[in-house]
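Taking it in order: structure first as structure tokens, then the write-up.
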There are 2 protein chains.
Amino acid sequence: MRMRRRQGNPFNVNANSSTSIDTPLSPNMEDYMENISMLLKEHDVVRVKDIAKKLNIKMPSVTAALQKLKDKGLVDYEKYGHVQLTAKGKEVADTIYEKHSFLTEFFKDILGMDTQEAEQQACKLEHHLSSDASNRMQRFVEFYKQEQLDSQQWISRLDSALEEKRLSDLKEGEKAEIVRILGSGPLKKRLLEMGFRKGEIIHVIKYAPLKDPIEISIKDFLLSIRVEEAHSIIVKPLKNHD
Amino acid sequence: MRMRRRQGNPFNVNANSSTSIDTPLSPNMEDYMENISMLLKEHDVVRVKDIAKKLNIKMPSVTAALQKLKDKGLVDYEKYGHVQLTAKGKEVADTIYEKHSFLTEFFKDILGMDTQEAEQQACKLEHHLSSDASNRMQRFVEFYKQEQLDSQQWISRLDSALEEKRLSDLKEGEKAEIVRILGSGPLKKRLLEMGFRKGEIIHVIKYAPLKDPIEISIKDFLLSIRVEEAHSIIVKPLKNHD
DNA sequence: TAATATAATTAGTCAAGACTAATATTATAT
DNA sequence: ATATAATATTAGTCTTGACTAATTATATTA
Ligand SMILES: [Mn+2]
Ligand SMILES: [Mn+2]
Ligand SMILES: [Mn+2]
Ligand SMILES: [Mn+2]
């Protein structure tokens, strides 16, 4: 469910042409704020060129953005001049950066992603988290990092879990061991009856992606299975020489 | 760091005017796929009107979207006809819905948000998660829901944590108890020396938002503190009659 | 079957946010 | 102090994905 801002009504006469102030910042504008703030922490003079480089865009785009952000009272900026944040602007930037930080910690320290990917993910998601969700998640990250006990347990389990695939993701000719079967209803029961059990070795005979069914063998039995069903069978691919 | 798609080069002569196929789906297009799939699970005939209603947009927007999705080979659709998903389209929709599901579980069952907010958050974030992050997070949710032991501990701690604020979020006249002080460097040391200790009661005397400093009292001492410092003091507001 | 109501499409507009090309300003080097 | 280089701005274009108004096609009802 989405709320899209109503926009572009040509008959809205109270035009208030500069709708600038007060409407929430778009993800892109938030990134401008965040990155200007970061640049200001490193150098005390920030130029259009610096922002363009950091955000990997061209200078005219930056100029346009700065004009909007100035209208909103978030940056101090005069033509051809240097860029500063207003008090309000700093608040905004800090709020965003805080989300960036705990999200990064979450992806890095809890989910075990490497620094760069973690940062990237964080910098995308930060613009879409409600403040309630942010609070809760921030608490959660703090909490989890204190209880290092079982987080160890989790991390070690994660590594092997990441080697797992779904049967439907295997390619023709691949072999794999069944790790577990998702679901709980009659579907799971049927799969068990067909011979899909934990530990069994599967060999994919024929698999045309998107075309049902997949043909496989389990200890010399030939079986056909629909993609949809294969989707809920978790396997661990075997190296070729097994 | 962002990658923006390069766009709008008027001199790109290999125009390939229908750049349609193969470029990744935008968040909005992903929502179309997801919701069409949901509608198809309930009714076996899906009309433009249904999609418009579900997504809370107008019919012409839907028509335009369907034309694009058809170009990309994701929907079966003829003018004035009913809407179906292609095999590829189903795959796409399922992938998105899977993210939607475990994200919802995360916000609901781990962070304790109510169903509706959890769904909303999930449906925003689902479009921005890499497949690696998705995998890890899905594993994490599964793992966490099995170890109900300490998740209990966490949930109960969360409730009280959500009553907490930062000193910088209090309004003039409010009283609060210090819960803890964030950070670790010399800043924290200085705050402790000033008398900010766990359990102390704070009374905010004067606070003009965005204007340093904040004036407060701790057991009859008057103190001034900068917003930035107040930001790292976690407090629990007291009811008026305390 | 004809008249009406509902549903869907087209045409044209708008805002955001990127881009290029051309121009203007400021900084640096001779 | 001037010439050149580096930066920044304007003007105009493009795509995406909304919107309204007008038109066309399909369904329903008399
Ligand atoms: Mn970001
Ligand atoms: Mn960020
Ligand atoms: Mn969504
Ligand atoms: Mn969703």
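Throughout, protein chains are lettered first and strands after them, A, B, ... in sequence-line order, and every chain is numbered starting at 1.
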Q. How long is the span from the CG atom in L74(B) to the CG atom in L66(B), to the nearest 0.5 Å?
A. 11.0 Å
Q | Under 3.5 Å on both distances, the Watson-Crick or G-U partner of dT20(C) | A | dA11(D)
Q. Taking E172(A) for the side chain and Y207(A) for the main chain, is one N or O donor matched with an acceptor at less than 3.5 Å?
A. yes
Q.
OP1 or OP2 of dT16(D) versus the side-chain N and O atoms of S26(B): is any pair under 4.0 Å?
A. no
Q.
So if I take every side-chain heavy atom of K58(B) and compare against dC19(C), dT10(C), dC19(D), which nucleotide ends up nearest?
A. dC19(D)
Q: With a 4.0 Å heavy-atom cut-off, tell me which residues in residues 38-49 of chain B come close to DNA chain D, sorted by residue number.
A: none
Q) Can you tell me how far P of dG17(C) sits from CG of D71(A), to the nearest Å? A) 13 Å
Q. Under the 3.5 angstrom rule, does the side chain of K54(B) hit a backbone N or O of N35(B) as a donor-acceptor pair?
A. no
(Q) From CG of N28(B) over to P of dA16(C), roughly how many Å is that when rounded to an integer? (A) 16 Å
Counting only pairs under 3.5 Å, give me each side-chain donor-acceptor contact of residues 36-48 of chain A, with atom names and distances, residues two or more places apart or in other chains.
none

Q) Rounded to the Å, how far apart are K72(B) NZ and dG17(D) C1'? A) 13 Å
Q. Please give, in whole Å, the distance from dG17(C) C1' to L25(A) CG?
A. 14 Å
Q.
Looking at dT16(D), I'd like to know if its phosphate oxygens (OP1 or OP2) sit under 4.0 Å from a side-chain N or O belonging to Y32(B).
A. no
Q. What's the NE2-P distance between H127(A) and dG17(C), to the nearest Å?
A. 12 Å
Q: In whole angstrom, give the distance that lies between atom CD of E30(B) and atom C1' of dG17(D).
A: 15 Å
Q) According to the salt bridge (charged side-chain N to carboxylate O under 4.0 Å, His left out) rule, which pairs have a member within residues 123-133 of chain A, sequence neighbours left out? A) D132(A)-R136(A)
Q. If you pin A64(B) and M59(A) to their nearest nucleotides in DNA chain C, which one's is more 5'?
A. A64(B)
Q. Parallel under 30°, tilted from 30 to 60°, perpendicular over 60°: which one fits the rings of Y144(B) and F140(B)?
A. tilted
Q) Has T63(A) got a side-chain N or O lying under 4.0 Å from the OP1 or OP2 atom of dT10(D)? A) no
Q. Any side-chain heavy atom of I214(A) sitting closer than 4.5 Å to one from L170(A)?
A. no
Q. Do any of residues 74-82 of chain B sit with a heavy atom less than 4.0 Å from DNA chain C, and if so which?
A. Y77(B), K79(B), Y80(B)
(Q) Output the rounded distance in Å from NZ (K68(B)) to C1' (dT15(D)). (A) 8 Å
Q | side chain to side chain donor-acceptor pair (under 3.5 Å) partners of residues 161-171 of chain A, not counting sequence neighbours, each pair once | A | E164(A)-R180(A), R166(A)-E98(B), S168(A)-H231(A)
Sequence neighbours left out, cut at 3.5 Å: what donor-acceptor pairs do the side chains of residues 105-116 of chain B make with other protein atoms?
| unit_1 | atom_1 | unit_2 | atom_2 | d |
| --- | --- | --- | --- | --- |
| E105(B) | OE1 | K145(B) | NZ | 2.6 |
| D109(B) | OD2 | K145(B) | NZ | 2.9 |
| D114(B) | OD1 | Q116(B) | N | 3.2 |
| D114(B) | OD1 | E117(B) | N | 3.1 |

**Q.** Atom pair distance, as rounded to whole Å: CD in Q67(A) and P in dA11(D)
**A.** 10 Å
